[in-house]
Amino acid sequence: MPESTAGLGKRTVRDLELAEGERVLVRVDFNVPLEDGRVADDARIRGALPTIELLRAMRARLILCSHLGRPKGPDPGTSLGPVSDRLGELIDAPVEQAPAVVGPEVRRAVERLQPGGVLVLENTRWEPGETDNDPELSEQLAALADAYVDDAFGSAHRAHASTVGVAERLRPAVAGLLLEREVSTLRSIVEAPERPLVVLLGGAKVTEKIALIDRFLDTADELLIGGAMCFSFFRAQGEPTGNSLVEEEGVELARRAVEKSESSRCELLLPLDLVLGASFDADAERRVQESTDVPDGWMGLDIGPATAEAYGEQVARAGTVFWNGPMGAFELEPFAAGTRAVAEAVARASGTTVVGGGDSAAALAEFHLDDAVDHLSTGGGAALELLEGKQLPGIEVLDDA
Ligand code: ADP
Ligand code: MG
């Protein structure tokens, strides 16, 4: 992948000058799925390893913190204990699990840490002040350490105590390596992409993606639409959509996007054919429709084979590909072919390939193609906001380069 020209503009962990044993609070994204008290998918933990290993090599004392799930208070089912166990295996060194987020026992655990040692605080959402960006909690977190590193890209769009409040009170405050890579890769897509820039957008809701559609109509060369959101476009054009998922508020937005595309450099492509189902069900009656008309009693649940092929050709000739949102209801095997075909085309593409979004990442993983793309973003909402051109509070607050 070419080096990004769109820099982060913030100091990073590489710029830190630490004395041996200095305490560094690192906000990581350990919001991982747990099953039977174990980590079911450790991708996010592995994503944080470069920053963790660098700080250990610098002989810092590491204090890691993250949220996990959405608990409203202390809740053993969302303890970071299983994450600490897995992290210990990955770095092949002891990792201590603190009993709380802040407080006297946590301070004592920090005192006991050796240079290069690692302590994981409890789930930040066990503290009600976390999501309120509470000054007192922020102060207590800041008092634990001598420096702050933010490596939690997936939380950078939220102004919480562990992402913003603490960074306002603790200097230096710098970016971790994962955060740096995420931001510079995603920014380069809109600011300096290798052309043609081909963007594939799918998923359920136009209203969630309209800001992105708008931005890419200004910057992309091809915008390929799939997923349920195509039906808002078809409805806007007066085509029959049957029982397909149509978001009423999305129809007018879709109409305006089509209008904008007429005077834009960007070509907006809609599906040419569909796979229909009698209901949202893997056992439902299924048929391929060679047009995009959806008769009464049917719903469009996937793009058809001609669309998959046309989109695949665009992806193959792209200099840069960005993909967000499945092309159909891929969780139902009979309606997964369009998403699978597009995922395979992205995996094969010679251009730079970047994928963002929770369900798109899940689809790639299901097809075992997650290692075949250049960059799989760990931050769903944060990635979309960054691409829309919004400032992310967790990044803004860090020290300027
Ligand atoms: P991401 O998480 O990658 O941003 P979204 O959350 O926007 O993606 O969309 C994913 C959801 O969209 C999936 O649950 C999928 O089943 C649904 N979806 C996609 N196409 C259709 C369709 N034609 N009909 C119903 N649901 C669909
Ligand atoms: Mg989703």
Side-chain angles (χ1 to χ4, degrees), residues 31 33 41 43 153-154 157 186 199-213 215-216 224-235 239-250 253-254 270-282 284 286-289 292-295 298-305 307-308 311 321-343 346 353-367 369-370 373 375-388:
N31 184 22
D41 177 354
F153 178 63
H157 59 318
L186 292 170
V199 176
L200 281 153
L201 289 182
K205 296 184 171 168
V206 198
T207 48
E208 264 177 24
K209 310 270 164 95
I210 192 68
L212 210 54
I213 292 175
R215 186 96 198 274
F216 281 126
L224 318 179
I225 303 284
M229 74 161 129
C230 71
F231 299 109
S232 293
F233 286 86
F234 291 139
R235 174 74 64 83
E239 289 188 38
T241 53
N243 296 336
S244 306
L245 190 64
V246 181
E247 234 188 333
E248 286 305 333
E249 319 86 277
L253 298 174
L270 293 170
L272 308 164
D273 60 350
L274 297 169
V275 179
L276 309 182
S279 61
F280 192 95
D281 189 331
R286 172 187 182 277
R287 79 181 214 207
V288 177
Q289 177 80 335
T292 52
D293 290 350
V294 185
W298 292 87
M299 59 200 300
L301 288 175
D302 195 10
I303 56 171
T307 309
Y311 285 9
V321 181
F322 176 71
W323 174 32
N324 166 269
M327 296 288 108
F330 76 101
E331 303 93 329
L332 310 176
E333 180 52 36
F335 305 102
T339 302
R340 185 191 301 270
V342 158
V346 174
T353 52
V354 182
V355 178
D359 290 282
S360 324
L364 269 185
E366 195 177 307
F367 307 141
L369 294 171
D370 36 344
V373 298
H375 184 73
L376 180 53
S377 178
T378 56
L384 299 190
E385 289 195 19
L386 191 110
L387 290 170
E388 287 164 16

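First listed ligand is number 1; within each ligand, the first listed atom is number 1. Worth knowing before you read on, the calculation uses all heavy atoms, side chains too, and leaves out hydrogens, waters and symmetry mates.
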Problem set entry | Verdict with supporting geometry, V294 and L276, side chain to side chain contact (heavy atoms under 4.5 Å, CB included) | CA-CA 8 Å; V294 185; L276 309 182; 4.1 Å; yes
For this session: Determine, stepwise, if the pair L376 / T378 fulfils side chain to side chain contact (heavy atoms under 4.5 Å, CB included).
Result: CA-CA 6 Å; L376 180 53; T378 56; over 6 Å; no
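For E239, the salt bridge (Lys or Arg N to Asp or Glu O under 4.0 Å) criterion is met by no residue, not counting sequence neighbours.
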Would you give me the side-chain donor-acceptor pairs under 3.5 Å for residues 329-340, sequence neighbours excluded?
unit_1: T339; atom_1: OG1; unit_2: M327; atom_2: N; d: 3.0
unit_1: T339; atom_1: OG1; unit_2: G328; atom_2: N; d: 3.3

List ligand 1's nitrogen or oxygen atoms that come under 3.5 Å of a protein nitrogen or oxygen, with the partner atom and distance.
unit_1: ligand 1; atom_1: 2 (O); unit_2: G358; atom_2: N; d: 3.4
unit_1: ligand 1; atom_1: 2 (O); unit_2: D359; atom_2: N; d: 2.8
unit_1: ligand 1; atom_1: 2 (O); unit_2: D359; atom_2: OD2; d: 2.8
unit_1: ligand 1; atom_1: 3 (O); unit_2: D359; atom_2: N; d: 3.3
unit_1: ligand 1; atom_1: 3 (O); unit_2: S360; atom_2: N; d: 2.9
unit_1: ligand 1; atom_1: 3 (O); unit_2: S360; atom_2: OG; d: 2.5
unit_1: ligand 1; atom_1: 4 (O); unit_2: K209; atom_2: NZ; d: 3.3
unit_1: ligand 1; atom_1: 4 (O); unit_2: N324; atom_2: ND2; d: 3.2
unit_1: ligand 1; atom_1: 6 (O); unit_2: D359; atom_2: OD2; d: 3.0
unit_1: ligand 1; atom_1: 7 (O); unit_2: K209; atom_2: NZ; d: 2.7
unit_1: ligand 1; atom_1: 9 (O); unit_2: A204; atom_2: N; d: 3.4
unit_1: ligand 1; atom_1: 12 (O); unit_2: A204; atom_2: N; d: 3.4
unit_1: ligand 1; atom_1: 14 (O); unit_2: E331; atom_2: OE2; d: 2.5
unit_1: ligand 1; atom_1: 16 (O); unit_2: E331; atom_2: OE1; d: 2.7
unit_1: ligand 1; atom_1: 16 (O); unit_2: E331; atom_2: OE2; d: 3.1
unit_1: ligand 1; atom_1: 20 (N); unit_2: A228; atom_2: N; d: 3.1
unit_1: ligand 1; atom_1: 23 (N); unit_2: G300; atom_2: O; d: 3.0

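Checked by atom type, the side-chain pair S232/E247 shows no donor-acceptor distance below 3.5 Å.
Taking distances strictly below 2.8 Å, the protein N/O/S atoms close to the Mg ion (ligand 2) are D359 OD2.
Pairing each heavy atom of S377 with each of F153, the nearest pair is OG-CE2, 3.8 Å. Here the closest heavy-atom approach between residue L364 and residue A343 is recorded as CD2-CB, 4.0 Å. Closest of all the heavy-atom pairs between V206 and F233 is CG1-CE1, 4.4 Å.
A donor-acceptor pair under 3.5 Å is formed between the side chain of W323 and the backbone N or O of G325.
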